Amino acid sequence: MFLGAVSEVGRRSLLMTGSSSQRAAAEAAAESGLQYALARLRQDPNWRGQGNATIINTDELLVVEDEGNVVGVLNGNSRFRIRFNYQDGDDGGDSLPDPALRIDHRYVSVNNILFGTDRPVPRGDGPGAAVTASSEKPYTVPEFTVCLLVQGQAGSGISRDNLSSDIASRRVSSTVFEGFYRVGDISGLVLDAASMSAGEFTAELPNGSGMVTVDSRDSSRQPRIRSKSKVSVGGGASGANYLSEAGQVLSGDKTLDARPEGSVDVAQEDSDAGFYDLAWEDVNHADAAGASMPAGTYVWWDDGSLHFYDMNYPDYVKFIKSNPTHEGVGLPEFPAGVKVDYGSKKIVIESDVYIKPGTGSTLDGAAAAPEDFAVLPREGAPESPDSGIDLTNIDTTNQTLSTYFFENRETLRQFLLTTTGPTADWNVDGGQVDFYYENADNPSTFAIKLGSGGANDVRDPLGNGTMNYNEYELLESIFYYDPSLAGQSQEYLDAQGLLGAEGEIDLPGIEDALSPQNLGLEFRPAEGSTAVLTAEGDVRIGARLEGEGGSITSGGEIRVVGFGADFAADPDAESGVSMYAKGNITFSTYNVDKATGLGSFQDVKVKGVVYTWGNLQTKMGHEDVNDWGNFALEGALVAYGGQPGTAEEPGAPGSGEGGRVELRAASAHLTFDPAYLMGLMGTPPSNLEMTRSLWNRY
Amino acid sequence: MEPLLSRPRRGRRAGFTLMELLLSLGLIAVAILALMGMALVSVQARQKSFDTETAYQVAQNELQRIVDGALSDTPAGLQAAFFEHSSSVPLESGTVTVGQTEFSFLVYVETLPFEAAPNRLKKVDVEVWWWGEKPGERQGMGRLSYRTSRLVDEPNAS
């Protein structure tokens, strides 16, 4: 009996050792499968095992892909298996035909790298390990993330000759490794940062409270702000007003004008270093030949009706002031991916939509051909309590007046609108500014005469020589000439609402209770997809911007006014929308309670990338308003200050105009996450870096 | 007293003959030898089991060490050496002593043929053996080596 026991112990020891080695081999196989999948995803972020061929065939490794199912055999005695295929028929939910190489385990991987919305991870618990409508979906994989479930097996019965074989469990050891991998740095050549600006980065906080906070979603990444110019934070809490733990600030003058908490590494920004280089051609656009809506201005009235005017916003403002009760042209037929919810006064965008430019306006023959998209309430969407004109503190120490006005075109436009006539003179801080028609044949343009010279002594706004016609066009883009203003008094202009809050439309005889907070523009693409709104001209949204998985691309400016929410009441409110504009991007969360007339600024959290060729400005505070709004962004800000380059035409940041980031808010919290760049990019890059965000084992 | 011939028999006899004794001892000796042989085999099996288990651990440890070091470039230079290496010549070799047994190991790294890849997918093999100068078998003991493999994806390939 004793010897029998000794013999048995010896035999069992060998068996246990064999089991232990099989388990180790199964784990090594599962880990190998993960590494293989990551290598394939690095080649192609779209990869879902559709190689449909023998990918690797050496003496010690065979890997075959078949319509989303992947089997790899290592050393002839262990294997890994990955399945993206639902095995639910050729027209199933995975958009893949059924493979010949079937896999019997239930763990289905999901590639959500390119999409801005969560997707469910299903189990193949139906007949034949199929995913069915009633299959369990225990959790979701987040945006810009891939969920990889890899089964590793080791033991007898595994063979290179029969990859589809289901092996009895007593003959193999099996294990399943699960990893979530999120897109990390898209371009290893760019020093990443939560904010990149060719011009100044300035944050203005209320006196006595508030902080600018900069961090990274991935704690292993150093949080950073980059500016080719200066970085400054004004106002804020009496102690520190800037927080960025272990963070870095790179500025053109190697300074940080703020009161940082703790130590912040302040270093020199390399003038030659690039930013995220997204040219217009590289960005995801709605197909011009696909689903479209006509360009123009969409206006909600108090009675819940939606009206369409086939003209750009500036032309609409002029037109409606003269015709305040005009109902516009008939509403266009919306494409399948655009729904109008009249009850909620909301336009819902479910898939890509192109804003189709028109050839002219049927309402006003003089109006420009429409190419903008605007949605707003009938009385407009004010961006702030007043026009924001303040010419008392123009600093001409370090810049000429021409430079100041060139950089602050909106101020110039408003300034000119307050004149008593088009030929008045002003003295502004010792500088003399005249404006007059350059010539009677071209009354839509103005020239700026600086200095004390005569009418013929024309100084161009850039201060670099004689004005030429290109600069006339530049001025025309700053403002438009309205002949009816000639000779009018300031009181007249005020009555016309021209001195009111920017964005406000004062219609004589009309009292409409709607504000942007009563309206909505929501991006609601299907799970695991994105939706893009593309306009060749400006995009002006005077409504709550909601939803996720959306992006707005504009060949002009983007202005979003009146969005946001009170985070104290609605902490989960956020806008999961990325934005890309060739012009400036402006956010304002100003909201006026029509009943009381009191204004306040809402909070806003944007989850996405905000990318502009020009300037980014947030208007979430004003000295005349008690409640300022809190600004939060998870993603990245880029104010390129010029045209981003392409392979054919490289363009450096700051090679053009603007590039400033101006944040005015109760507080600003920037959380860097480059994954959101995926939502903007038209062509997914190869060589993606991915960071593991979750690990599990079954 | 009865005559001898009329006394009844009481069994064959009281003891064993010498032959019987020798035969018994011989049988017992054979049995003992057989049992000792079995015991020896069992002990050897247990020893092999223990050594094999140790070899697995050594192989796993060395594999993990190499992979972790290559991915983190610790020590400095290992990452480049690892991802540049692809030949039948081992990347590393060494020995690990556990108890009374010395385990030798070799680490092989090869680049897998993987078309149009911006990065390199490597296959790492670690072979461990003991009781000999090279991996192999020993008569009566069977295989005295263990080999494990894993794939490693190159991070941030240029």
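We name chains A, B, ... by the order of the sequence lines, and we start the count at 1 in each one. Note that the structure is a prediction, hence the values are computed from the model and not measured.
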*Got B/Leu151 and A/Phe80 here, is their nearest side-chain heavy-atom distance under 4.5 Å?*
yes
*Heavy-atom distances under 4.5 Å only: say whether B/Glu110 touches chain A with side chain, backbone, both or neither.*
side chain
*Tell me, for A/Glu27 versus chain B, whether the close heavy atoms (under 4.5 Å) come from the side chain, the backbone, both or neither.*
neither
*Residues A/Ile56, B/Leu121; criterion side chain to side chain contact (heavy atoms under 4.5 Å, CB included); working and verdict*: CA-CA 11 Å; A/Ile56 300 175; B/Leu121 184 64; 4.1 Å; yes
*Knowing that exactly one of B/Lys122, B/Arg150, B/Lys123 qualifies, which makes a side chain to side chain contact (heavy atoms under 4.5 Å, CB included) with A/Gln35?*
B/Arg150
*Below 4.5 Å, heavy atoms only, C-beta onward: do A/Glu60 and B/Asp125 meet side chain to side chain?*
yes
*Would you name the heavy atoms of B/Ser149 and A/Ala28 that are closest together and state the gap between them?*
O-CB, 3.5 Å
